[in-house]
Amino acid sequence: IRPLFAQIWVDLGVLRGEVESTSASDIASLTNTASQLSGALWLVLFVTLALVVAGYLLFEYTIRRPIAAVAIGMKAEAQGADTGDVFHTSSAETRDLIEAFDHMRAQVRSRQQRLQLILDNTAEGIVTFDRNGTIEGYNQAAMRLFGWQENESIGQNVRMLVRPEDANTTENSYLASLLRGDIEPLQGQEGELTGVQKNGGVFPMAIKISTMQLEGRPLFTALVADISERKAMVEHLRQLAEHDDLTGLHNRRYMESHLATLAEQASSRGKPLALMILDIDFFKKINDTYGHLAGDFVLKQLASVLKARIRREDVIARYGGEEFAIILPESDHH
């Protein structure tokens, strides 16, 4: 039995050595496998992080930044600022978006330039103001008309462009309504005001107001024009219609119209009114003997003498060929 036990122990020792050798080999193999697996995991993690970073950068430079640049450009364009070149990208979608924005910007600027060109070259001055009378718009024609530059007038009250004391006159209710801010009744109606220039000069001005809605609030646009020439022409035509070409006195039409008005006033006030008719004797003989130039000279000389002799309130007219009429208010002389 003892030799058998000894042999068994020898066999067990051999077996244990083989088991230990096999266990060491397995542990080394497992360690190597674990090391390889760990390296693979780190490699996968690194690759994943690299892909994430690359994806983020790709998204950042091809999608987010171009879209953000377009959004910033739209805001700047809406505020009238220069947006410059929009961010470029290789992405087809964002490139199409940027191209659409560039096209829209070109169209908007083209329309703005055309509109500004029309506004700057229009004959009438255009002044835009709110209900409080604060000026918000001002074209070049208005600059030439009033002498104020755009930066000097924006934010000021429209009162600076008109003579406010005219509102005290009963015939200028248009200006009174304008200064009160009661503008709706004035829309579509043309009024005549006295414009005030930067240097203190004044001029007759025609104004026509219209309204518009901008961002939910009402704004008013006034078309203004210098009517000095028009009034001068009207006055000249009135002078021609009411005065005699040769003597410069009033003509028969004006005399008869004015006489009816003065007679009605004199009757209502209970005051006398006298009418005197003068005729040149033998005037036809003057024309026949010395010619019409001599007759015209006599008429002009007599007109000068009569104008020098009458009072300020008297009215004198050439009533006919050689006849003159003089209206004498508050006079009962015969």
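Every value quoted in this text rests on a predicted model; they were computed, and no experiment measured them.
Heavy atoms only, all atoms of each residue included: P218 and T211 are closest at CB-OG1, 4.5 Å. When all heavy atoms are compared, the tightest approach of L175 to V162 is CD1-CG2, 3.8 Å. Between V127 and Y138, the closest heavy-atom pair is CG2-CD1, 4.1 Å.
R253 is linked by a side chain to side chain contact (heavy atoms under 4.5 Å, CB included) to N251, counting only residues two or more places apart in sequence or in another chain. For E136, the side-chain hydrogen bond (donor to acceptor under 3.5 Å, both in side chains) partners two or more places apart in sequence, or in a different chain, are R217. Considering only residues two or more places apart in sequence or on other chains, E256 meets the side chain to side chain contact (heavy atoms under 4.5 Å, CB included) condition with R252, Y319. Remark: E152 pairs with K198 by the salt bridge (charged side-chain N to carboxylate O under 4.0 Å, His left out) rule, at least two apart or across chains. For the ring pair (Phe, Tyr, Trp, His ring centres under 6.0 Å) test, residues two or more places apart in sequence or in another chain that qualify with F203 are F146. Every residue two or more places apart in sequence or in another chain was checked for a salt bridge (charged side-chain N to carboxylate O under 4.0 Å, His left out) with R159, and none qualifies. K300 is linked by a side chain to side chain contact (heavy atoms under 4.5 Å, CB included) to L246, counting only residues two or more places apart in sequence or in another chain. Partners of D130 by salt bridge (charged side-chain N to carboxylate O under 4.0 Å, His left out), not counting sequence neighbours: none found. The salt bridge (charged side-chain N to carboxylate O under 4.0 Å, His left out) search around E229 returns none, not counting sequence neighbours. For I327, the side chain to side chain contact (heavy atoms under 4.5 Å, CB included) test picks out M255, L259, L262, L273, L275, V315, P329, with sequence neighbours left out.
The closest side-chain heavy-atom distance from K231 to E192 is below 4.5 Å. With contacts defined as side-chain heavy-atom distances shorter than 4.5 Å, the pair I154/E150 qualifies. At a threshold of 4.5 Å between non-hydrogen side-chain atoms, the residues I277 and I326 do not count as touching. Counting heavy atoms from C-beta on, the side chains of L278 and E323 never come closer than 4.5 Å. Taking the side chain as every heavy atom from C-beta outward, M160 and W148 approach each other to under 4.5 Å. At least one side-chain heavy atom of L302 sits under 4.5 Å from a side-chain heavy atom of F324. Contact of the R318 side chain with the L299 side chain is registered, since non-hydrogen atoms from C-beta on lie closer than 4.5 Å. Within the 4.5 Å cutoff, no side-chain heavy atoms of H243 are placed close to those of L249.
Within the model, atoms CD of Q140 and CE of M143 stand 5.5 Å from one another, a figure rounded to the nearest 0.5 Å. To the nearest 0.5 Å, the span separating CE on M205 from CD on Q197 amounts to 10.5 Å. Here CD1 of I286 is found 11.0 Å from CG of D296. Values are rounded to the nearest 0.5 Å. The CG atom of L237 sits 11.0 Å away from the CD atom of E242 when rounded to the nearest 0.5 Å. Atom OG1 of residue T134 and atom CG of residue L219 lie 10.5 Å apart, to the nearest 0.5 angstrom. To the nearest 0.5 Å, atom CG of residue L240 and atom CG of residue D245 are 6.5 Å apart.
Criterion: ILVMFWY side-chain heavy atoms under 4.5 Å apart, direct or through other members. Under it, L43 and L51 are part of a common hydrophobic cluster. At a threshold of 4.5 Å between side-chain heavy atoms, the hydrophobic network of Ile, Leu, Val, Met, Phe, Trp and Tyr places I310 and I280 in one connected group. The hydrophobic clustering, which links ILVMFWY residues whose side-chain heavy atoms are closer than 4.5 Å, places I207 and V196 apart. Placement of V53 and Y56 within a single hydrophobic cluster is found when ILVMFWY residues are connected by side-chain heavy-atom separations under 4.5 Å, directly or transitively.
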I'd like a table of donor-acceptor pairs (distance under 3.5 Å, sequence neighbours excluded) in which one partner is a side-chain atom from residues 221-228, with atom names and distances.
residue : atom : partner : partner atom : Å
D226    : OD1  : S228    : N            : 2.9
D226    : OD1  : S228    : OG           : 2.6

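For Q189, the CD atom sits in a packed shell: over 12 heavy atoms of surrounding residues, nucleotides or ligands are nearer than 6.0 Å. For K271, the NZ atom counts as loosely surrounded, since its 6.0 Å shell holds 12 or fewer non-hydrogen atoms of other residues, nucleotides or ligands.
A donor-acceptor distance shorter than 3.5 angstrom exists from the side chain of S268 to the backbone of Q265, with no hydrogens or angles considered. The backbone N or O of A263 lies less than 3.5 Å from no partner atom in the side chain of S267, so there is not a single donor-acceptor pair. Judged by distance alone, with hydrogens and angles left aside, the side-chain atoms of S153 form a donor-acceptor pair with the main-chain N or O of Q149 at under 3.5 Å.
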What's the verdict on side chain to side chain contact (heavy atoms under 4.5 Å, CB included) for W42 and V47, showing C-alpha distance, side-chain angles and the deciding distance?
-> CA-CA 8 Å; W42 279 109; V47 171; over 6 Å; no
What do the steps show when you test M212 against T128 for side chain to side chain contact (heavy atoms under 4.5 Å, CB included), and what is the final call?
-> CA-CA 10 Å; M212 62 179 178; T128 304; 3.9 Å; yes
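Applying the side-chain hydrogen bond (donor to acceptor under 3.5 Å, both in side chains) test to every pair with at least one member in residues 278-291, sequence neighbours left out, gives these pairs: K284-D288.
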